Chemist: 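Take this structure, written in structure tokens, and hold onto it; I'll ask about it next.
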Amino acid sequence: MSAAQLTVAMHVFSCFCSHCVQMLEWFDHHGHVCIVFELLGLSTFDFMSINDFLPFNLDDIRHMAYQICTSVNFLHMKKLTHRDLKPDNIVFVKSDYVEEYNPKLKRKERRLRKADIRLVDFGCAMYDHDHRNPVVTTRPYRAPEVVLELGWSHPCDVWSIGCTLLEYYRGVLVFQPYDDIEHLAMMEQLLGPLPDQMINRVVSSKKKYFCNGRLAWERSVSGQYVSGHCKPLKEYMMCHDSDHENLFDLIGKMLEYDPATRITLEEALEHPFFLPLKQENST
């Protein structure tokens, strides 16, 4: 670990209210910096895996989402971008569960006892003033401005959180693209056409993906796959009560194409989806 990475660790892992993994101590071993962390449970991805990729229930999603937004907002206030947010890097404090029968699925499923999480893996985290690589984040959670090489900052983390929450809701990945153009095509199937102001700014090799100001994905061999496997965001809703409507409103604001108008995490923490948590804490 470099001195810069150790500095990040000291800033991030020392705050107990941040929902970031806690550093207990560190030491030097033959020139290698070693960090001792608190003992945690399974990652949210691993829990989904042992649960046959069944979706989390809405209350657990709300609880996890609030903590994720709190932890990443803490990073952003420290002028850090995580750059690799995904279910693998969100870990349960304890992954104890009970088995319950689900009458809709006619099978047993695992239900968490408590959905407390910690944010982990800060190996890619960068300060706002650091040198910037054009491509960041694991592909399925990569924001459109990253795919188009238009530069990135804190909003790319928000996009990744939106993808993660939708994955928790569905139990499976939202985007599973083979390449960048297929990824952009999936975004358009989910969210509608990319905005002109973003397309007009493309100056890199990604310009070949567009024809007359529109994404030319229908000409690609993946066109049929994309249209057959992706649908508009709201069509993934399993129910249309206020809780589900609020969750999808929040996800939609996180998956706003333009990073300048994408919801900030400070704003997200005030979203109506989290009102039941605040009411619960006030009683």
Side-chain angles (χ1 to χ4, degrees), residues 5 8-9 11-13 15 18-21 37 40-49 56 60-93 115-128 130 132-147 151-177 183 186-187 190 247 250-257 259 262-269 271 273-274:
Q5 288 173 315
V8 170
H11 273 105
V12 171
F13 305 142
C15 181
S18 68
H19 298 293
C20 297
V21 62
F37 293 111
L40 299 171
L42 295 172
S43 74
T44 57
F45 174 81
D46 287 335
F47 188 88
M48 285 193 292
S49 178
F56 288 104
D60 285 344
I61 293 173
R62 187 185 348 259
H63 195 71
M64 291 188 288
Y66 191 82
Q67 294 174 82
I68 294 165
C69 290
T70 300
S71 63
V72 182
N73 187 50
F74 171 80
L75 297 186
H76 292 178
M77 289 190 297
K78 295 287 185 182
K79 302 189 183 301
L80 282 161
T81 306
H82 187 282
R83 300 201 310 153
D84 198 19
L85 292 169
K86 55 186 177 181
D88 313 61
N89 290 337
I90 299 161
V91 178
F92 290 118
V93 175
D116 289 343
I117 60 93
R118 292 284 188 269
L119 185 63
V120 304
D121 195 350
F122 296 86
C124 294
M126 291 184 70
Y127 283 105
D128 293 353
D130 288 336
R132 305 196 159 210
N133 296 323
V135 179
V136 298
T137 317
T138 303
R139 185 187 289 278
Y141 310 92
R142 195 172 288 166
E145 67 269 23
V146 178
V147 177
W152 56 266
S153 57
H154 298 166
C156 77
D157 281 346
V158 180
W159 176 279
S160 299
I161 294 172
C163 293
T164 297
L165 297 185
L166 191 51
E167 185 172 346
Y168 289 163
Y169 184 86
R170 298 181 61 223
V172 293
L173 276 168
V174 185
F175 302 119
Q176 301 184 57
H183 196 176
M186 288 177 171
M187 290 179 188
L190 189 79
L247 172 60
L250 176 60
I251 290 173
K253 288 178 165 64
M254 290 178 163
L255 298 182
E256 168 65 41
Y257 280 128
R262 194 173 301 154
I263 194 171
T264 68
L265 293 177
E266 190 172 3
E267 293 166 341
L269 288 166
H271 193 276
F273 179 61
F274 297 124

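Just so it is clear, the structure is predicted and the values come from calculations on it, not from any experiment.
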Chemist: For V147 and M187: C-alpha separation, side-chain torsions, deciding distance, then whether side chain to side chain contact (heavy atoms under 4.5 Å, CB included) applies.
Modeler: CA-CA 11 Å; V147 177; M187 290 179 188; 4.2 Å; yes
Chemist: Between H154 and D128, is any side-chain donor less than 3.5 angstrom from a side-chain acceptor?
Modeler: yes
Chemist: Report yes or no: do E267 and H271 form a side-chain donor-acceptor pair below 3.5 Å?
Modeler: no
Chemist: Could you list the residues that satisfy side-chain contact (heavy atoms from CB on, under 4.5 Å) with P155, not counting sequence neighbours?
Modeler: E145, S153, P259, R262
Chemist: So, does S71 use its side chain to make a donor-acceptor pair with the main chain of C20 at under 3.5 Å?
Modeler: no
Chemist: For V72, which of L265, I90, L80 qualifies under side chain to side chain contact (heavy atoms under 4.5 Å, CB included)?
Modeler: L265
Chemist: Please check if the side chain of T70 supplies one atom and the backbone of Y66 the other of a donor-acceptor pair under 3.5 Å.
Modeler: yes
Chemist: Less than 6.0 angstrom from the centroid, inside 45 degrees of the normal: does R139 satisfy that with respect to the ring of F175?
Modeler: no
Chemist: Is a side-chain N or O of D116 found less than 3.5 angstrom from the main chain of F92, in a donor-acceptor match?
Modeler: no
Chemist: How are the rings of Y257 and W159 set to each other: parallel, tilted or perpendicular (split at 30° and 60°)?
Modeler: parallel
Chemist: So does T137 get a backbone contact from the side chain of R142, meaning a donor-acceptor N/O pair under 3.5 Å?
Modeler: yes
Chemist: Side chains of D84 and T138: donor-acceptor distance under 3.5 Å anywhere?
Modeler: yes
